[in-house]
Amino acid sequence: MTRLLATAVEHFPIAGSFTISRGSKTTASVVTCRISHDGFAGIGECVPYGRYGETIDSVIAEIEAIRSEIEADLDRKGLLSAMKAGAARNAVDCALWDLEAKSSGKRAFALANLAEPASLTTAYTISLGEPEAMAAQAAQHARRALLKIKVGTADDASRIRAVRAAAPDSAIILDANEGWTEANLAHHFGVCAGEGVALIEQPLPAGQDNLLASVSRPVPVCADESVHKTEDLSKLAGLYDAVNIKLDKTGGLTEALRMRDAARALNLKIMVGCMVGTSLAMAPAVLLAQGAEFVDLDGPLLLSRDREPGLRYEASQVFPPGAALWG
């Protein structure tokens with residue numbers, strides 16, 4: 001029996017809205033890829049991201065373009081050359097991992113030669129807004145161990161200080177989403193150092209990374225939009241202290257594991273992040289995030305409805321997926 005490929009589009013409402021420096025959204029739209037064979041079915045989820053020129057239609061078209069190869073037994077290694085890095089490949093790659101796990105009776109972590117995963121401390125994201133609104137959000141979640149604060153305006157100092165005052169005991173990751181400039185970079189770095197920020201994500205637009213060489217970095221800086229695949233890492237070493245690995249950027253768990261190992265070899269710290277998706281998208285990332293210095297897998301916490309079964313979240317902990325969900 002040959003494989004059968006199916007794709008689907010699903011929409012999950014976000015609790016309130018999710019706002020970053022590039023805009024807001026109220027719905028998480030995801031694409032799922034299901035690959036069936038011999039009575040088993042593997043599934044993977046991705047989130048198309050407009051920042052990288054992706055849409056629901058373009059992602060489905062990318063998957064459909066290699067339907068014949070997938071149904072003819074394309075494996076994860078072959079997938080790396082058959083599709084470019086991005087959301088579409090992520091959905092297919094994770095579906096292949098899940099299919100192999102279910103058909104072999106082995107968990108995905110064992111197939112990847114990883115230790116059995118443990119629970120992780122995950123960040124919880126505070127959307128960009130006026131300082132008072134962000135402080136109110138932070139106060140609601142001040143008992144969480146780790147908060148991720150969306151910034152990226154010309155004057156974020158008041159936002160940073162307001163959030164810190166509202167959540168004095170939480171560790172803070174600051175995510176500028178490429179929103180700072182050469183003119184305000186040093187100023188914002190100084191504010192972050194003064195407020196005890198643990199990490200700053202992607203302060204400058206991708207392509208302006210070299211500016212980081214000319215300014216003191218009193219707080220560790222993490223590349224996000226500037227890094228997509230393993231080959232990107234060498235030019236970032238020395239400019240950044242960490243890299244944010246997201247499955248929707250790398251194009252799946254297979255490449256993400258390779259990138260993680262290469263980043264470690266370059267003495268870069270690891271952050272494992274996500275788009276706003278369901279537990280199905282987070283599940284393989286939990287495997288990747290084992291041992292990472294920073295974990296941001298809060299996508300389902302930002303939704304008003306997750307898929308069932310979902311991941312278990314307790315306080316600031318996210319627990320590994322059960323076999324019924326993925327892997």
Side-chain angles (χ1 to χ4, degrees), residues 20-23 47 49-54 84-87 89-90 123 125 128 148-157 159-160 172-195 197-251 255-275 285 288-289 292-296:
I20 66 173
S21 61
R22 282 189 289 271
V47 181
Y49 196 29
R51 166 65 179 81
Y52 307 130
E54 296 173 338
K84 64 180 177 65
R89 193 174 77 186
N90 178 34
T125 301
L128 177 64
K148 176 170 170 171
I149 311 303
K150 291 290 189 178
V151 291
T153 71
D155 180 16
D156 284 326
R159 292 171 170 83
I160 298 165
I172 289 178
I173 299 169
L174 209 71
D175 187 1
N177 282 117
E178 305 178 276
W180 291 351
T181 66
E182 182 179 10
N184 63 35
L185 185 64
H187 169 66
H188 282 137
F189 275 6
V191 174
C192 289
E195 298 300 326
V197 170
L199 186 74
I200 301 168
E201 272 190 81
Q202 196 70 40
L204 297 166
Q208 296 184 18
D209 309 291
N210 286 336
L211 293 175
L212 292 170
S214 60
V215 65
S216 174
R217 299 198 304 272
V219 175
V221 180
C222 177
D224 183 358
E225 286 87 349
S226 288
V227 59
H228 293 259
K229 53 189 184 296
T230 304
E231 289 71 23
D232 295 333
L233 293 172
S234 59
K235 68 178 184 292
L236 301 178
L239 299 174
Y240 289 93
D241 307 286
V243 292
N244 188 346
I245 305 176
K246 295 177 180 175
L247 300 185
D248 277 317
K249 290 192 303 177
T250 66
E255 174 66 13
L257 289 168
R258 177 174 170 251
M259 181 186 289
R260 181 201 61 184
D261 293 345
R264 290 280 191 213
L266 291 168
N267 295 316
L268 290 164
K269 290 181 170 60
I270 304 299
M271 178 178 181
V272 175
C274 66
M275 307 303 186
L288 175 68
E293 284 82 3
F294 299 94
V295 178
D296 175 28

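All values reported here derive from a predicted model rather than from experimental measurement.
Not counting sequence neighbours, the partners of Ala263 by the side chain to side chain contact (heavy atoms under 4.5 Å, CB included) test are Leu233, Val243, Leu268, Ile270. Residues forming a salt bridge (charged side-chain N to carboxylate O under 4.0 Å, His left out) with Lys148 (at least two apart in sequence, or on another chain): Asp175, Glu201, Asp296. A search for side chain to side chain donor-acceptor pair (under 3.5 Å) contacts involving Thr125 returns Asp298, not counting sequence neighbours. Residues satisfying the salt bridge (charged side-chain N to carboxylate O under 4.0 Å, His left out) test with Glu182, not counting sequence neighbours, are none. For Cys192, the side chain to side chain contact (heavy atoms under 4.5 Å, CB included) partners are Ile160, Leu174, Trp180, Val197, Ile200, Val219, not counting sequence neighbours.
Listed by first and then second residue, the salt bridge (Lys or Arg N to Asp or Glu O under 4.0 Å) pairs that reach into residues 204-223 are Arg217-Asp241, sequence neighbours excluded. Applying the side chain to side chain donor-acceptor pair (under 3.5 Å) rule to pairs touching residues 259-274 yields Arg264-Glu293, sequence neighbours excluded. Evaluation of the ring pair (Phe, Tyr, Trp, His ring centres under 6.0 Å) test over residues 204-223, restricted to residues two or more places apart or in two chains, returns none.
Rounded to the nearest 0.5 angstrom, Cys222 SG and Gln202 CD are separated by 8.0 Å. Atom CG in Leu204 sits 12.5 Å away from atom CG in Asn177 (nearest 0.5 Å).
With contacts defined as side-chain heavy-atom distances shorter than 4.5 Å, the pair Thr181/Gln208 does not qualify. Contact annotation: the side chain of Tyr240 never approaches that of Leu266 to less than 4.5 Å [non-hydrogen atoms, C-beta and beyond]. Using a 4.5 Å heavy-atom cutoff, the side chains of Leu128 and Arg159 are in contact. Counting heavy atoms from C-beta outward, Asp248 and Tyr49 have side chains that stay 4.5 Å or more apart.
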- Query: Given the rule in the side chain to side chain contact (heavy atoms under 4.5 Å, CB included) test, do Leu185 and Leu212 qualify, once you have shown the distances and angles that lead to the verdict?
  - Reply: CA-CA 9 Å; Leu185 185 64; Leu212 292 170; 4.1 Å; yes
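What you find for Ala154 and Asn184 is that their closest heavy atoms are O-ND2, 3.7 Å. Among all heavy-atom pairs drawn from Ala157 and His187, the shortest one is CB-NE2, 4.1 Å. When all heavy atoms are compared, the tightest approach of Ala256 to Leu247 is CB-CD2, 3.5 Å. Contact record, Leu199 with Met271: CD2-SD, 3.9 Å, taken as the closest heavy-atom pair.
Checked by atom type and distance alone, the side chain of Asp156 never pairs as donor or acceptor with a backbone atom of Val151 at under 3.5 Å. Judged purely by atom type and a 3.5 angstrom limit, Lys249 uses its side chain to pair as donor or acceptor with the backbone of Asp224. Using a distance-only test at 3.5 Å, with no hydrogens or angles considered, no donor-acceptor pair links the side chain of Glu225 to the main chain of Ala206.
Partner of Glu255 under the side chain to side chain donor-acceptor pair (under 3.5 Å) criterion, chosen from Thr250, Asn90, Thr230: Thr230.
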